[in-house]
Amino acid sequence: MSSVSSQSQFRLTQPPSKVLHLRNLPWECTEEELVELGKPFGNVVNTKCNVGPNRNQAFIEFADLNQAIAMISYYASSSEPAQVRGKTVYLQYSNRQEIVNNKTTADAGGNVLLISIEGADARLVSIDVLHLVFSAFGFVHKITTFEKMDRFQALVQFSDVETASSAKNALDGRNIPSYLLPEHLGPCTLRIAYSAHTDLSVKFQSHRSRDYTNPNLPVSQSAIDANGMLNCVFVGYFDGLDSVGTTGRDGCGVYDSRWFILGRDGGYLGWAEVFSMGLDGKKLEPESNVLLASIENMQYAVTLDVLHMVFSSFGPVQKIAMFDKNSGLQALIQYPDVQTAVVAKEALEGHCIYDGGFCKLHLSYSRHNDLSIKVNNDRSRDYTIPNNVMVNPQPSILGQQPVATHGPPSHLYTGAQFAPTTEHSMIPQPSSGWATGFPPAPNSMPGQMNNNPYLPPGTMPPQMGHGMMQMPSHGGPPHTHAMPPYRPYQMQ
DNA sequence: AGCACA
């Protein structure tokens, strides 16, 4: 009726209540901080924070009315105002007698979180980034995203309530780290609540929903990028800081193709790696014009010139950088285009530079697109710059003799050995090299064709001919793909 | 800086 509405909304003196109303709180304020604030005055039995349109209000409920009175009285006469995170907090008795809902049922959280992403660019946050962020706290089973009330929201399902609550506690009110977002995006803030759901229903892997527990789920077209790949995230936890460097933006981010994830206190939470997944569930790396080669079983020294020769069979090698990694040798090989790198990778992967299984190549796509070669030496070279321009402290030795580290040199692959020795009669000669548009058959690593026990002739590597290769939008296997046009290329 | 579920 009207007798109630005639009361002023803000009375100067509230009747006492064991519930206190707090305002002007920082929006990051947690329940724990509220408990800390009230504890000196009595037993805090319940709290509620992030209340109101600005989420800067809260309630504290004491076990006893006198405790609430004690707190109000204290701060009424104190020279030091109540503070949370250095912010002055204003206190008054609530006009309710108890805090309803919420924590009375003792952290009635669920294993599913409801996430609202706030910010002008919230809609541009990909499901993969969300997965990455939340995976820092445990295995994410499923994610669905949707728009509601003009807000971009997501449901994130964890295994259990504990994991979900740790994610909520750490991330609620936080911005998604900028280094996980495309550079042009503005801040995207996470607002997190518990959902009533316990198990999300995900019918398809799509750009809106993912089920990370079911690799057999149908993939909707919307989840597939131009290369016919499904972005995915792999995450590890707490694997130690010693292996983590700081090379990314913001002083944190990418190391060795992994993201590492920092918690709210700046502490290390874990690492994550974003990659693309083929429809068969296999991990695919995004293609690149730069290949990362690691060399296994390196009985013979692999020199820059050897690498240059091997990789030049598929196209002009622009740059090579060699370095030691995990007590092994790795090299980055840069081609002018992705196609050439794809062809080279598929042809060379798993093959050996020397007979007998020595110096086996393992190739992956690098994240780099353009290597910066500071100096031409025996470990790195920029073949696009004439020799006399760059300082060349060690003259290149073009006699292609492998340096044996153990035993006599084996057969080194040289351009001359590129001549067909098997049924693959179309393999180009070194003079025409890659330019003929036909790479060596995948099983016929140059120089490896004779009696190589590792490479039965005419055998397709197992990864060939499977689902991902058949996908129409994929670049396609090299023999069906248009090759780069012929451009004369001078070997040094 | 001024009272919260749905």
Side-chain angles (χ1 to χ4, degrees), chain A residues 1-35 37-38 41-42 44-63 65 67-69 71-118 144 146-156 161 164-165 168-169 172-173 189 191-198 200:
Chain A
M1 298 297 176
S2 58
S3 61
V4 175
S5 63
S6 65
Q7 287 186 352
S8 167
Q9 188 183 1
F10 307 119
R11 290 170 296 183
L12 288 175
T13 57
Q14 295 276 31
S17 163
K18 56 184 169 42
V19 180
L20 301 184
H21 176 233
L22 320 198
R23 54 189 203 274
N24 199 36
L25 289 157
W27 47 265
E28 307 96 322
C29 179
T30 65
E31 314 258 339
E32 291 75 22
E33 286 168 311
L34 296 177
V35 173
L37 196 64
F41 306 97
V44 177
V45 294
N46 203 356
T47 62
K48 186 172 178 65
C49 60
N50 303 121
V51 170
N54 298 325
R55 295 176 160 268
N56 57 359
Q57 301 174 46
F59 298 93
I60 296 177
E61 180 177 340
F62 285 99
L65 176 63
Q67 298 166 350
I69 293 173
M71 186 168 181
I72 291 290
S73 309
Y74 174 82
Y75 284 113
S77 58
S78 167
S79 56
E80 295 292 318
Q83 285 184 227
V84 170
R85 301 192 186 202
K87 241 188 134 182
T88 295
V89 172
Y90 299 87
L91 299 172
Q92 65 187 148
Y93 296 115
S94 172
N95 52 25
R96 310 259 192 120
Q97 293 304 306
E98 61 182 11
I99 293 178
V100 301
N101 155 47
N102 222 4
K103 299 303 188 256
T104 315
T105 39
D107 285 287
N111 62 319
V112 177
L113 298 178
L114 171 63
I115 319 298
S116 291
I117 300 111
E118 296 179 352
T144 62
F146 52 93
E147 296 196 28
K148 191 174 183 181
M149 305 290 222
D150 204 37
R151 286 166 78 114
F152 184 54
Q153 296 192 305
L155 290 162
V156 177
V161 182
S165 73
K168 179 178 184 294
N169 288 336
D172 191 18
T189 307
R191 304 290 181 192
I192 304 180
Y194 291 109
S195 163
H197 292 90
T198 55
L200 305 174

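These figures come from a predicted structure and were not determined experimentally. Naming: A, B, ... by sequence-line order, numbering from 1 per chain.
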### Query
Between B:dA1 atom C1' and A:Asn54 atom CG, what is the distance in whole Å?
10 Å

### Task
Would you mind telling me which of B:dC3, B:dA4, B:dG2 lies closest to the side-chain atoms of A:Arg23?
B:dG2

### Task
Rounded to the nearest angstrom, tell me the gap between atom CG in A:Leu25 and atom P in B:dA1.
11 Å

### Task
Starting at atom CD of A:Gln92, determine the distance to atom C1' of B:dA1, rounded to an integer number of angstrom.
9 Å

### Atom-to-atom span, CG of A:Leu20 to C1' of B:dC3 - whole angstrom
12 Å

### Task
Provide, to the nearest angstrom, the distance between the CG atom belonging to A:Asn46 and the P atom belonging to B:dC5.
14 Å

## Note on the structure
Between A:Asn56 and A:Val19, whichever has its closest DNA chain B nucleotide further toward 5' is A:Asn56

#### Entry: Donor-acceptor pair, side chain of A:Ser17 and main chain of A:Arg96, under 3.5 angstrom
yes

### Task
Quickly work out the A:Tyr93 OH to B:dA4 P distance and round it to whole Å.
20 Å

### Task
Ignoring hydrogens and angles, tell me if any N or O in the side chain of A:Lys18 forms a donor-acceptor pair with the backbone of A:Glu98 under 3.5 Å.
no

### Message
Closest-nucleotide mapping onto DNA chain B: is A:Asn24 or A:Gln97 further toward the 5' terminus? I mean the 5' end.
### Response
A:Asn24

### Query
How many Å lie between CG on A:Leu91 and C1' on B:dA1, as a whole number?
12 Å

### Query
Have A:Thr30 and A:Glu32 got a donor and an acceptor in their side chains that come within less than 3.5 Å?
yes

### Message
I need the CD-C1' distance between A:Gln57 and B:dA1, as an integer number of Å.
### Response
8 Å

### Sidechain-backbone polar pair: A:Ser73 side chain, A:Ile69 backbone, donor-acceptor under 3.5 Å
yes

### Task
May I ask whether A:Phe59 stacks on the base of B:dA4, given the cut-offs of 5.5 Å between ring centres and 30° between planes?
yes

